[in-house]
Each structure stands twice: as C-alpha cells, then as structure tokens.
Engineer: 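Got a structure for you, questions after.
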Amino acid sequence: MGNKITVKNLNFFYGKDQALFDISLKIPEREVMAFVGPSGCGKSTFLRVLNRMNDTIPYARIEGEVKIDGKDIYKAKTDVVALRRKVGMVFQKSNPFPKSIFDNVAYGIRINRMHSSKKDLAERVEKALKDAALWEEVKDRLPTSAFGLSGGQQQRLCIARALAVQPEVILMDEPASALDPIATQKIEELVVELKKKYTIVIVTHNMQQAARISDRTAFFMLGKLIEVNPTEKMFTNPDDKLTEDYITGRFG
Amino acid sequence: MAKTGTFADSLFKGVLTVFAATIILVVVAMIAMMFWNSLPTIREFGLGFLVGSDWQPASDVYGALPFIYGTIVSSVIALILAVPVSLGIAIFLVEQAPKSIASPIAFMVELLAAIPSVVYGLWGIFVLAPFIRNYLGPILQNYLGWLPLFQGRLTGIGMLTGGVIMAIMVTPIITAVVRDVLEVVPNTQRDAALALGATKWETTLIVLENASSGIAGAVVLGLGRALGETMAVTMVIGNAPQISASLFEPAYTIASVLAANFAEATDRLYLSALIEMGLVLFLVTFVVNAAAKVLVMGVAKGTNAARQA
Ligand SMILES: Nc1ncnc2c1ncn2[C@@H]1O[C@H](COP(=O)(O)OP(=O)(O)O)[C@@H](O)[C@H]1O
Ligand SMILES: [Mg+2]
C-alpha cells in the first residue's frame, strides 16, 4: 500500500520557539500510526500540522513539505476547508456542540452541503453513527442533547461527527485519555475497525495502547522524531537507545 | 474550627451578615415605602392608572400609559439598534481582531460606558437632534414615509432621538457582556467546527450558539439600562405625555417624568402618581435585571458542563 502522507524536513515554530525539528515521516494508507513520547514533545503540534489547524495561531510558522496524496497542503492555493474535510480530527476532550445528537453528526454534512435530501441526510447520520459503534445506544434519542451522553459516548459521537464528512484520514489526539477503561477499550476496538477504510494517526501517552492498536509507532522527544518502526519491532527491538529507555521506563 | 480566634471570627461574620441583611432590608423598605406612598392613586384609580392615557395633573387625572408606552417603545428602539451593533463589535473583538487591535477598542468601549448621561444628552441636543431633523428624518420620510412611524412634523426632538441616544448608551454595556460570554466559549468548540471544514463565519455561529443564553442575558441587561435611563433621554425625547404612532413626535418616559416633575409635585395625588410610576419602573427593572443575571450565569455553567463532559 502507498503512503497517504509524506512529511519532509518539517520545522515548526511558535514565534521564536521551535517545537518541531527537521521531521521526515511517511504514513502508509489504511494503517494506524501511533505517536508516542513524553508530554510537550510536539505530538499534538505535529498532528495539527497535518490538517493545518495551526493556521489559527497567528504566530505559528512552518518550514518544509507536507504532502497528502502527493499534494503539498501548504501550497498557497490549497483549499483548507476541503483539506480539513479530507483529514478529520478527534480531540483529547470530547467536544460535542450544544446541539442534539443528530445535529452534531449532521453538522459537517450540512456545512459542506453533502446531502441531496432530508432522507439522505438522515441516512448519512445513521451510517456515521453505526461506523462509530454508537448507533444502537442512541438511535432512540437522536433529538436529545449530546450532553446527555456519557463521556465515552460523547467521544464516539465526535468520531461519528468526523466520519460523517467522509474523511480519508482521521487524526486522533489522545482520544481516550479522559475515559474509563471500558470506554477506552471501545474506542480502541473502533480504531482497529476504522483502519479498514481510513488512515489513522493517533497520539497516545499510553504505551500499551499504542502496542495494541497501531501498525507503526513514531517516537518523539523534544520536538525531534527519534524513531519510526513497525509497532512490533518498536516494542521488542527498537533501533534507538532513547526509544528503548522510554518504552521500558514506562513498562517497568 | 475551635481556635483562639473563634470569637473574632464570629464577630466578623456577624458584622458582615448585618451588612448583607441591610441590603435586603433597604430593598424591602424601598418597595414598602413606595407602595405606601402610592396608595392614594392605587385606591383612586386602581388598574386604570396603568391603562389610562390621560395625564392632567391640573385636574387630578392621572393615566400612566403614555409614560409606559414611551418607556417601552424608546427602549425597544434602543435595543433594535444597539443589539446588532454590539454583537458585531463583540464578535470582531473576540473572533476576528488581533490582540493588538482588540485591546484598545475594548478599552475605548469601556470608556464610553463611563461617560455621564448628561454629556450624552448634550450631544443629543446639539448633534443628534439636528442630524435627525436635517438628514436622517428626511431620508426616512422619503423612503419609508408611507409607514405611520415616519410621518408627522420633524423637530429632531422626539421618540426616535430618545431611542437612538439610549442605543448609543447601552451599546458599550451589551458589547462588554457579550464579549465576556464569547470569551468563555472554550476553544475546543472552535476547533471542532474548523476541523469539520467550517469557515470562519460558520465557526462564529457555533460560538454564538454556545453563548446564546449569555447573549440573551446581555440584551436583557441592556433593556434594563434603557428602561431606567433618565437624563439623556429627558433632554431629547420632548417630554410630552402622548401616544403617537410617529417616532418623530415627542414622547415621555417614566424615568423622565419622575426627574422632571418631582420637585413641583406638591399635590398629594400628583406625588402619589409619580411614586406609583416609580414603583412600576422599579419592579420591572428589578425583574429584567434578575432575568439577565440568571441568563449570564447560565452561560458559565453551561460551558462548564460542556467542558467536563
Ligand atoms: N499554542 C501554542 N503556543 C505556543 N507554544 C505552544 C502552543 N502549543 C504548544 N506549544 C508548545 O510546543 C511544545 C509542544 O507541545 P505539544 O505539541 O502540545 O506537545 P504534546 O502534544 O506532545 O504534549 C510544548 O513546549 C508546548 O509548550
Ligand atoms: Mg498533546
């Protein structure tokens, strides 16, 4: 399978502070890649580079090349709205809108005018909720507020909301870090299921989680990419001493 | 808790409790006093006082409707003009402007709120009234003259001028509150919208939806201010107790009539009529401000709930 995302010599700055140093990385299509590393090492920053969410920070600056499907997403004429539709994002804290369950999932479909009729909209919402393994739990309460759901359900609702605009890549920034073990397990199962159709990049501080669900793991430290390898190799026989220290430190 | 300072502590607490209780007592005493002093007109006219439109102190006929009408209509004009402008400024400050521009503008908006009412009134007499008489009025009559609202004699002094002055005065207040409630909308909401391909405008709509009850509170707060605004309005509204469909005609508000006539009201029934109107204004603004508080408080709570979830 080909590479969905190719990053070359990426440097990233918050004003004068450099947060990412000369990162080159290939992310294969329809796999799960995990980003691990100590907090503050730039995982979130890097993730947000991939759908240009850092554009909202006026003092942020980027050098290097980020290609998705061979196209440089930082070219001047890039349609950022279309890019973000293609590269969906799920955040650390679930952030449903103050709307009904249905309207949350329908939001992206509506603003991007993807539906042809009311019925089509309802079908798309249902499909997204099914793909996010939430349909059975909410099908009888679609018009009720999203805030009535449990934390784990809200996070899956956010996943459904992201899936509804038919992305090709899904970026997840510690999506389960605020959830209990059972809700976490559901999210993990979902990620493994979703990689059949989507390219997934997931940030996690939980090493076991990375080991369980990812095909490849990238280890970051102090803004530098230390090592990328198939997850199995990474956790059994890492190339870099730093990786080994970090992994064993966490496990031991 | 059983420490040596216990006595001092409970004394301190006691004193504070007395202070706090005083506030409540003052409010209750005010209502009781105003009610007591308006008993003559309440006995004499009953509900007729509130719906009667004749106001002739010379012959002891007191109908408060022209003042109630003037108060409500001028306040509504003020809100219709002030709310969109305030929302626009607040959205600009929070969602669009870089900090270097937003801070000085926000500072200026706050300064506007501190200008004494009488200064606005003077400005209204010398700038706004001539402007409405010579420019805005003729234009409105030209294009919308078929509406009863914009017919009649144009003096520059009247309901419209009063409403516009009020609008200018409540805009800083509404802007400041809306800005505050927009600022507490968590960034995660903006991120969520942007990540789904929302434009700046669509993201702003999500922010507004998050802040909706706080915005409603800001509007109601503005209404409370407009209802009670006295000096500037008295100077430009014309002070004629009449109910006219035309916004160019002079009108009168409760606050204005109280300010303008209290000194000369020596007659028992006249005084009672004024005090009863004061009571009405007091109760209405009390309720309106309480509603505003509840709404604005709801926002902080609502977003907290969203955050915790
Ligand atoms: N908006 C921002 N402005 C300035 N510095 C930031 C911002 N966001 C993150 N940083 C800094 O960039 C570095 C990387 O942060 P982040 O990408 O959030 O790390 P991680 O997700 O791995 O914990 C940290 O030093 C952090 O303080
Ligand atoms: Mg992070």
Side-chain angles (χ1 to χ4, degrees), chain A residues 44 47-48 50-59 79-99 103-114 145-155 157-158 161-167 170-171 173 178, chain B residues 91-105 178 181-218 294-309:
Chain A
S44 298
L47 204 65
R48 293 165 70 95
L50 302 178
N51 64 345
R52 291 189 56 169
M53 283 298 280
N54 291 318
D55 286 14
T56 55
I57 304 171
Y59 50 89
D79 178 352
V80 180
V81 166
L83 168 72
R84 295 203 183 121
R85 211 170 96 184
K86 182 165 160 174
V87 184
M89 191 163 214
V90 176
F91 299 84
Q92 183 166 5
K93 271 190 224 152
S94 63
N95 50 2
F97 298 130
K99 297 172 180 290
D103 286 340
N104 261 280
V105 183
Y107 179 78
I109 304 171
R110 283 187 173 129
I111 61 167
N112 291 298
R113 291 178 200 81
M114 300 170 74
S145 166
F147 295 137
L149 299 172
S150 73
Q153 287 173 325
Q154 287 193 20
Q155 193 58 298
L157 180 71
C158 293
R161 186 175 65 182
L163 296 179
V165 294
Q166 302 184 326
I170 302 171
L171 310 173
D173 195 348
Chain B
I91 290 171
F92 174 75
L93 291 177
V94 179
E95 303 296 320
Q96 301 282 347
K99 261 227 147 52
S100 55
I101 299 178
S103 307
I105 294 182
V178 172
V181 296
L182 293 187
E183 250 161 17
V184 301
V185 173
N187 266 328
T188 54
Q189 287 287 316
R190 295 178 182 89
D191 280 353
L194 287 173
L196 288 164
T199 59
K200 192 83 206 175
W201 168 242
E202 287 158 347
T203 307
T204 299
L205 288 181
I206 284 289
V207 173
L208 292 179
E209 188 170 345
N210 273 277
S212 55
S213 72
I215 292 170
V294 170
L295 286 167
V296 174
M297 263 167 15
V299 163
K301 271 199 204 125
T303 48
N304 278 344
R307 262 188 219 140
Q308 280 157 11

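All chains are named by letter (A, B, ...) in the order of the sequence lines, taking the proteins before the strands, and each is independently numbered beginning at 1.
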Engineer: Let me confirm one number: the CZ-CG distance from A:F91 to B:N187, rounded to the nearest 0.5 Å.
Structural biologist: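 The CG atom of B:N187 is 10.5 Å from CZ of A:F91, to the nearest 0.5 Å.
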
Engineer: As an exercise, state the distance from CZ of B:R190 to CG of A:N95, rounded to the nearest 0.5 Å.
Structural biologist: 12.5 Å

Engineer: Picking from A:M89, A:R48, A:K99, A:Q155, which has the most non-hydrogen pairs under 4.5 angstrom with chain B?
Structural biologist: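 Option with the greatest count: A:K99.
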
Engineer: Quick check on B:D191 against chain A: is it the side chain, the backbone, both or neither that has a heavy atom closer than 4.5 Å?
Structural biologist: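 Both backbone and side chain of B:D191 come within 4.5 Å of chain A.
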
Engineer: Search all heavy atoms of B:Q189 against all heavy atoms of A:P98 and return the closest pair with its distance.
Structural biologist: OE1-CD, 3.6 Å

Engineer: Any heavy-atom pair between the side chains of B:K99 and A:P58 that's under 4.5 Å?
Structural biologist: no

Engineer: State, to 0.1 Å, how close B:A198 and A:V81 come at their nearest heavy-atom pair, and which atoms those are.
Structural biologist: O-CG2, 4.4 Å

Engineer: About how many Å separate CG of B:L194 and CZ of A:R52, when rounded to the nearest 0.5 Å?
Structural biologist: 12.5 Å

Engineer: Return yes if some donor-acceptor pair links the side-chain N/O of A:N112 with the main-chain N/O of B:L196 below 3.5 Å, else return no.
Structural biologist: yes

Engineer: Could you have a look at A:Q92, A:M53, A:R85 and say which one has the most heavy-atom pairs with chain B under 4.5 angstrom?
Structural biologist: A:M53

Engineer: Report which part of A:T56 has an atom under 4.5 Å of a heavy atom belonging to chain B: side chain, backbone, both, or neither.
Structural biologist: side chain

Engineer: Testing the basics here: between A:Y107 and B:A193, what is the closest heavy-atom pair and its distance to 0.1 Å?
Structural biologist: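 Smallest interatomic distance, heavy atoms only, reads OH-CB, 4.0 Å.
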
